[in-house]
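Just so you know, these numbers use all the heavy atoms, side chains as well, and skip hydrogens, waters and symmetry mates.
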Amino acid sequence: MHWASVLLSLVVVATTMIVTPVIGYRPWPHLKPNSSDLMFGGSKKFEGSSEFVHMRYHMGPVLTGSITIHPIWYGRWQKSQKKIIREFINSISTRDAKHPSVAGWWKTVQLYTDQTGANISHAVRLGEEKNDRFYSHGKSLTRLTIQSVIKSAVTARTKPLPINPKSGLYLLLTSDDVYVQDFCGQVCGFHYFTFPSIVGYTLPYAWVGNSAKLCPGICAYPFAVPEYMPGLKPLKSPNGDVGVDGMISVIGHEVAELATNPLVNAWYAGQDPVAPVEIADLCEGIYGTGGGGSYTGQLLNDKDGATYNMNGIRRRYLVQWVWNHVVSYCTGPNALDQ
């Protein structure tokens with residue numbers, strides 16, 4: 001399927017469907033407060049493995065060329081916070097990190113192919129960035145105004161972000177004083193593509209919010225604990241910033257799904273393209289061997305007691321695993337059998 005024909009068909013669909021990003025990330029969306037599944041310990045399912053999961057390719061484009069991520073910093077961000085996120089993005093393709101590494105985690109994403117057999121690109125780089133420190137669209141954003149923020153970034157009079165619909169990913173990051181529609185209650189982040197009627201182009205994008213002030217127990221778990229899990233102590237975050245360390249896994253989740261399903265017509269399970277189950281959805285909350293339910297799996301600790309499961313270039317991160325369609329279970333670089 002040619003990219004141009006895909007875009008044309010999606011433009012037609014976009015004008016007729018309800019504007020709702022189909023994918024949202026939230027830990028344990030199937031669990032309810034006070035559920036017995038929320039208790040730690042005991043026997044857990046094996047890293048989400050299931051013979052009933054049928055991850056299928058639906059013939060749409062995937063990102064086989066060099067991937068460029070363009071962050072849009074909405075609101076006020078500290079330099080130290082930006083550095084944590086930038087180094088995570090730069091770690092995806094590096095060969096310099098110690099095992100287990102972020103680059104090792106990305107190798108599972110690379111297993112996915114397009115209709116020609118070409119794999120997802122190993123090359124992921126940090127592209128041009130845009131700051132929106134004065135909250136151009138306010139401190140409460142809807143899903144539609146998120147697209148307007150992206151439009152402002154790519155059409156700015158000074159230093160606009162480049163237009164790259166084939167291999168560019170636009171990552172909108174909102175600061176801890178910004179509320180986004182459905183944030184905390186339903187999602188911690190989501191991805192979709194922009195509509196030409198709003199932005200002028202069809203661009204794959206993701207939004208991830210800093211939950212430090214609004215709902216760290218939901219979106220920054222296990223570095224913060226929900227109120228309905230009394231007595232459980234939060235783990236120490238690897239970079240000393242609960243909100244941003246929590247964002248890292250959500251960013252990884254969304255980038256992995258953007259690479260394998262950028263226009264929501266490539267890799268996903270289920271029959272409904274409006275509500276697909278993608279490669280990171282199947283592994284939400286799983287960070288190590290034995291993970292499942294609300295149990296993260298076996299993790300690593302540094303000498304200061306901080307918890308992580310993979311190494312970046314200079315930092316450590318906690319990133320959820322993703323679905324490996326070859327073996328039909330969730331995998332990650334810190335698996336004990338690797």
List the residues meeting salt bridge (charged side-chain N to carboxylate O under 4.0 Å, His left out) with R125, not counting sequence neighbours, and say none if there are none. none

By salt bridge (charged side-chain N to carboxylate O under 4.0 Å, His left out), which residues pair with D177, not counting sequence neighbours? K139

With sequence neighbours excluded, tell me which residues meet salt bridge (charged side-chain N to carboxylate O under 4.0 Å, His left out) with D176. K213

Pairs touching residues 54-64 that satisfy salt bridge (charged side-chain N to carboxylate O under 4.0 Å, His left out), sequence neighbours left out: none

Provide the closest heavy-atom pair for P196 versus T202 in the form atom of the first, atom of the second, distance. CG-OG1, 3.4 Å

T174 pairs by side-chain hydrogen bond (donor to acceptor under 3.5 Å, both in side chains) with which of W77, W73, Y74, W207? W207

Apply side-chain contact (heavy atoms from CB on, under 4.5 Å) to residues R316 and K98 and explain how you reach the verdict. CA-CA 10 Å; R316 290 167 171 168; K98 295 187 298 183; 4.0 Å; yes

When you take the SG atom of each Cys, C219 and C184, is the space between them under 2.5 Å? no

Using only heavy-atom distances, determine whether the side chains of N301 and T307 contain a donor-acceptor pair under 3.5 Å. yes

Should the pair R143 and F190 be classed as cation-pi, given the thresholds of under 6.0 Å to the six-membered ring centre and 45° from the axis? yes

With distance as the sole criterion, is a donor-acceptor pair present between the side chains of T331 and T108 under 3.5 Å? yes

Go through the side-chain N and O atoms of W321 and N334 and say whether any donor and acceptor fall under 3.5 Å apart. yes

How far does CG of L169 sit from CD1 of I251, to the nearest 0.5 angstrom? 12.0 Å

Show every ring pair (Phe, Tyr, Trp, His ring centres under 6.0 Å) that has at least one partner inside residues 150-182, sequence neighbours left out. H70-Y170

What residues, two or more places apart in sequence or in another chain, satisfy side-chain contact (heavy atoms from CB on, under 4.5 Å) together with H122? Q110

Cluster check W267, I67: I/L/V/M/F/W/Y, side chain < 4.5 angstrom: yes

